[in-house]
Undergrad: 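This is the structure I have questions about; it appears just below.
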Amino acid sequence: TLASITYQNFFKLYRKLAGCTGTAQTESEEFFEIYNLSVVSIPTNKTMIRKDWNDQIFRTAKEKDQAIIKKISECNNLGQPLLVFTSSINKSEHYSQLLNEKKITHTVLNAKNHEKEAEIIADAGKKKSIIITTSISGRGVDIKLGGQDEKGKGDIKKLGGLFVIGTERMESRRVDNQARGRSGRQGDEGNSIFFVSLDDDLMRIFGTDSMNNILEKLGLKDGESIDHPWINKALERAQQKVEARNFDIRKTLIKFD
């Protein structure tokens with residue numbers, strides 16, 4: 001190889017740099033430090049009324065899975081459309097298997113059927129629709145309540161709009177925000193919730209022992225979950241730790257370049 005360049009230094013070859021994304025705020029420090037770009041937050045076109053529920057924390061992955069399937073089943077019985085986010089293809093297939101056992105009709109969207117991705121995601125707002133997907137699929141696709149033709153939009157609005165379920169907290173807050181942001185478009189109704197267990201990768205970074213102590217003090221029984229803003233903050237701190245580490249890796253890479 002005669003020459004190579006990092007993405008960062010390649011972008012910096014342009015005289016003008018700009019971008020537009022719904023999830024830049026959490027990465028504003030990196031945009032400024034690497035590209036000398038400041039992040040400006042623009043108000044939404046219509047007031048955002050999506051309901052972002054507190055995370056549900058469980059002791060084990062099995063208890064968490066049972067709660068997720070129960071939630072999917074409840075929403076599906078009402079006819080509310082669901083978008084279920086997983087961290088990997090393996091996990092998406094795991095939840096698909098759990099839904100098959102309950103004979104719940106759904107679509108799995110992962111790298112194996114990407115040519116139909118936009119079409120599948122665009123119809124995610126249809127009544128009784130359940131799509132299990134990885135966090136990267138369907139970005140930039142407009143999800144309309146009632147589907148692409150918006151038939152039955154009123155019915156879906158009454159049910160609370162599109163419900164986004166995160167099967168765990170991802171390593172980066174930005175990815176979580178991208179998942180949440182698929183729901184509640186243009187002032188539509190919507191819901192989002194994340195389910196977390198002490199077996200999740202992020203919880204291991206946070207320190208399972210300290211979390212276990214908290215759960216024991218609260219007297220949490222098998223199958224019970226804890227839902228508290230303090231836990232949400234603690235999880236965000238764990239994500240910030242991972243984000244900072246990844247930023248350091250990219251910063252070091254630029255120095256080498």
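If you read the sequence from its start, that first residue is 1, and numbering goes on from there.
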Undergrad: Can a donor-acceptor pair be found, under 3.5 Å and without considering hydrogens, that links the side chain of Thr133 to the backbone of Leu109?
TA: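 Yes: the side chain of Thr133 pairs with the backbone of Leu109.
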
Undergrad: Parallel, tilted or perpendicular for Phe11 and Tyr7, by the 30°/60° rule?
TA: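 Parallel, since the angle between the ring planes stays under 30°.
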
Undergrad: Would Ser28 and Gln25 count as a side chain to side chain donor-acceptor pair (under 3.5 Å) here? Give the steps.
TA: CA-CA 5 Å; Ser28 56; Gln25 204 65 58; 4.5 Å; no

Undergrad: So, do Ile69 and Lys71 sit near enough that their side-chain heavy atoms are less than 4.5 Å apart?
TA: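 Side chain of Ile69 against side chain of Lys71, heavy atoms only: no contact under 4.5 Å found.
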
Undergrad: What closest approach, in Å, do Phe163 and Cys75 show between heavy atoms, and which atom pair accounts for it?
TA: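 That would be CD1-SG, 3.8 Å.
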
Undergrad: With rounding to the nearest 0.5 angstrom, report the CD to CG distance, Gln80 to Leu145.
TA: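 Interatomic distance, Gln80 CD to Leu145 CG, rounded to 0.5 Å: 10.0 Å.
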
Undergrad: If the test is side chain to side chain contact (heavy atoms under 4.5 Å, CB included), which one of Thr105, Leu83, Leu99 qualifies with Ile130?
TA: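 Answer to the side chain to side chain contact (heavy atoms under 4.5 Å, CB included) test with Ile130 among Thr105, Leu83, Leu99: Leu99.
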
Undergrad: Is it true that the side chains of Gln8 and Asp257 contain a donor and an acceptor less than 3.5 Å apart?
TA: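 No, Asp257 and Gln8 have no side-chain donor paired with an acceptor closer than 3.5 Å.
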
Undergrad: Taking all non-hydrogen atoms of both residues into account, name the closest pair between Lys126 and Gly146 and its distance.
TA: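 Answer, listing the atom of Lys126 first, then Gly146: CG-O, 3.8 Å.
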
Undergrad: Between Phe10 and Lys12, is there a cation-pi geometry (under 6.0 Å to ring centre, at most 45° from the normal)?
TA: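 No, Lys12 does not sit over the ring of Phe10.
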
Undergrad: With side-chain contact (heavy atoms from CB on, under 4.5 Å) as the criterion, how do Glu74 and Leu78 come out once you've worked through the C-alpha distance, each side chain's angles and the decisive distance to 0.1 Å?
TA: CA-CA 7 Å; Glu74 282 169 5; Leu78 295 170; 5.9 Å; no

Undergrad: Could you please spell out the steps behind the side-chain contact (heavy atoms from CB on, under 4.5 Å) verdict for Asn246 and Glu243?
TA: CA-CA 5 Å; Asn246 291 340; Glu243 287 165 7; 5.9 Å; no

Undergrad: Answer yes or no: is there a side-chain heavy-atom contact under 4.5 Å between Asp142 and Arg185?
TA: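 Side chain of Asp142 against side chain of Arg185, heavy atoms only: contact under 4.5 Å found.
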
Undergrad: Does Asp55 use its side chain to pair, donor to acceptor, with the backbone of Ile57 at less than 3.5 Å?
TA: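 The answer is no, because no donor-acceptor pair under 3.5 Å joins these two groups.
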
Undergrad: Hey, are Asp199 and Lys64 close enough for a salt bridge, meaning a charged N less than 4.0 Å from a carboxylate O?
TA: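 Not counted as a salt bridge, because no side-chain N and carboxylate O are separated by less than 4.0 Å.
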
Undergrad: Output the distance between atom CG (Asp200) and atom CZ (Arg169), rounded to the nearest 0.5 Å.
TA: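 Rounded to the nearest 0.5 Å, the CG-CZ separation comes out at 11.0 Å.
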
Undergrad: Side chains of Ser96 and Glu93: do they bring a donor and an acceptor to under 3.5 Å?
TA: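 Glu93 and Ser96 do not have a side-chain donor-acceptor pair below 3.5 Å.
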
Undergrad: Check whether Trp53 and Ile68 end up in the same hydrophobic cluster, where Ile, Leu, Val, Met, Phe, Trp and Tyr are linked by side-chain heavy atoms less than 4.5 Å apart.
TA: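 Looking at the clustering, Ile68 is in the same group as Trp53.
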
Undergrad: So, Gln239 side chain and Met170 main chain: donor-acceptor pair closer than 3.5 Å or not?
TA: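 Between the backbone of Met170 and the side chain of Gln239 there is a qualifying donor-acceptor contact (under 3.5 Å).
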
Undergrad: Would you indicate whether the side-chain heavy atoms of Ile121 and Ile143 approach each other to under 4.5 Å?
TA: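 Ile143 vs Ile121: side chains touch.
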
Undergrad: Determine whether Phe85 and Thr167 make a side-chain contact, defined as any pair of heavy atoms from C-beta on separated by less than 4.5 Å.
TA: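 Not in contact.
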
Undergrad: Are Ile193 and Met48 connected into the same hydrophobic cluster when the rule is that any two of I, L, V, M, F, W, Y join if their side-chain heavy atoms are below 4.5 Å apart?
TA: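 Different clusters: Met48 never reaches Ile193 through Ile, Leu, Val, Met, Phe, Trp or Tyr contacts under 4.5 Å.
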
Undergrad: Strictly below 4.0 Å, N to O, side chains only: are Lys153 and Glu150 in salt-bridge contact?
TA: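 Salt bridge present between Lys153 and Glu150.
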
Undergrad: Between atom CZ of Arg182 and atom CG of Asn177, what is the distance when rounded to the nearest 0.5 Å?
TA: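 Those atoms lie 11.5 Å apart.
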
Undergrad: Is it true that Arg173 and Glu27 have a side-chain N and a carboxylate O under 4.0 angstrom from each other?
TA: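 The answer is no: the pair does not qualify as a salt bridge.
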
Undergrad: Is Lys51 paired with Glu189 through a side-chain N to carboxylate O contact shorter than 4.0 Å?
TA: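 Lys51 and Glu189: not salt-bridged.
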
Undergrad: Does any non-hydrogen side-chain atom of Asn100 lie less than 4.5 Å from one of His106?
TA: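 Yes, side chains in contact.
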
Undergrad: Judged by modelled atom types alone, do Arg174 and Thr23 share a side-chain donor-acceptor pair under 3.5 Å?
TA: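 Present: a donor and an acceptor within the cut-off.
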
Undergrad: Pair Leu13, Ile5 - check side-chain contact (heavy atoms from CB on, under 4.5 Å), show working.
TA: CA-CA 11 Å; Leu13 294 174; Ile5 191 168; 4.1 Å; yes

Undergrad: Would you kindly confirm whether Ile104 and Val84 end up in one hydrophobic cluster when ILVMFWY residues are joined by side chain heavy atoms under 4.5 Å apart?
TA: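 Yes, Ile104 connects to Val84 through the hydrophobic network.
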
Undergrad: Verify the cluster assignment for Ile49 and Leu162: are they in a single hydrophobic cluster under the rule of side-chain heavy atoms below 4.5 Å apart?
TA: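 They do not share one cluster, since no chain of ILVMFWY contacts under 4.5 Å joins Ile49 to Leu162.
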
Undergrad: Give a yes or no on whether the backbone of Arg180 and the side-chain of Ser183 come within a donor-acceptor separation of less than 3.5 Å.
TA: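 Here the side-chain-to-backbone pair does not exist.
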
Undergrad: Which pair of heavy atoms, one from Pro81 and one from Ala124, lies closest together, and at what distance?
TA: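 Scanning both residues, the minimum pair turns out to be CB-O, 3.2 Å.
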
Undergrad: What distance do Lys157 atom NZ and Asp188 atom CG have between them, rounded to the nearest 0.5 Å?
TA: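 Between Lys157 NZ and Asp188 CG, I get 4.5 Å after rounding to 0.5 Å.
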
Undergrad: Does one side chain, of Ser73 or Asn76, offer a donor that lies under 3.5 Å from an acceptor on the other?
TA: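 No - no donor-acceptor pair under 3.5 Å links their side chains.
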
Undergrad: Please round to the nearest 0.5 Å and tell me the distance separating atom CG of Asp155 and atom NZ of Lys127.
TA: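 Spacing of CG (Asp155) from NZ (Lys127) equals 5.0 Å.
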
Undergrad: Under the side-chain contact (heavy atoms from CB on, under 4.5 Å) criterion, do Asn191 and Val164 qualify, and how do the steps go?
TA: CA-CA 6 Å; Asn191 288 269; Val164 168; over 6 Å; no

Undergrad: Is it possible for you to say whether Val40 and Phe31 belong to one hydrophobic cluster, with membership spreading through side-chain heavy-atom contacts below 4.5 Å?
TA: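 Each belongs to a different hydrophobic cluster.
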
Undergrad: So, Ser92 side chain and Thr134 main chain: donor-acceptor pair closer than 3.5 Å or not?
TA: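 Not at all, since once roles are kept as given, no pair shorter than 3.5 Å links the two residues.
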
Undergrad: Looking at Arg250 and Glu30, does any basic side-chain N land under 4.0 Å from a carboxylate oxygen?
TA: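 The answer is yes: the pair qualifies as a salt bridge.
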
Undergrad: Is it the case that atom CD in Glu29 sees more than 12 heavy atoms from other parts of the structure closer than 6.0 Å?
TA: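 For Glu29, atom CD is not crowded (no more than 12 foreign heavy atoms under 6.0 Å).
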
Undergrad: Flag the pair Phe32 / Val39 as yes when at least one side-chain heavy-atom distance between them is below 4.5 Å, and no otherwise.
TA: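 They are not in side-chain contact.
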
Undergrad: Check whether any side-chain heavy atom of Ile72 sits under 4.5 Å from a side-chain heavy atom of Ile165, and report yes or no.
TA: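 Sidechains of Ile165 and Ile72: in contact.
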
Undergrad: Any side-chain heavy atom of Phe195 sitting closer than 4.5 Å to one from Asp65?
TA: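 No, side chains not in contact.
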
Undergrad: Got a second to check how far Gln97's CD is from Ile132's CD1, nearest 0.5 Å?
TA: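 Here the interatomic distance stands at 11.0 Å.
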
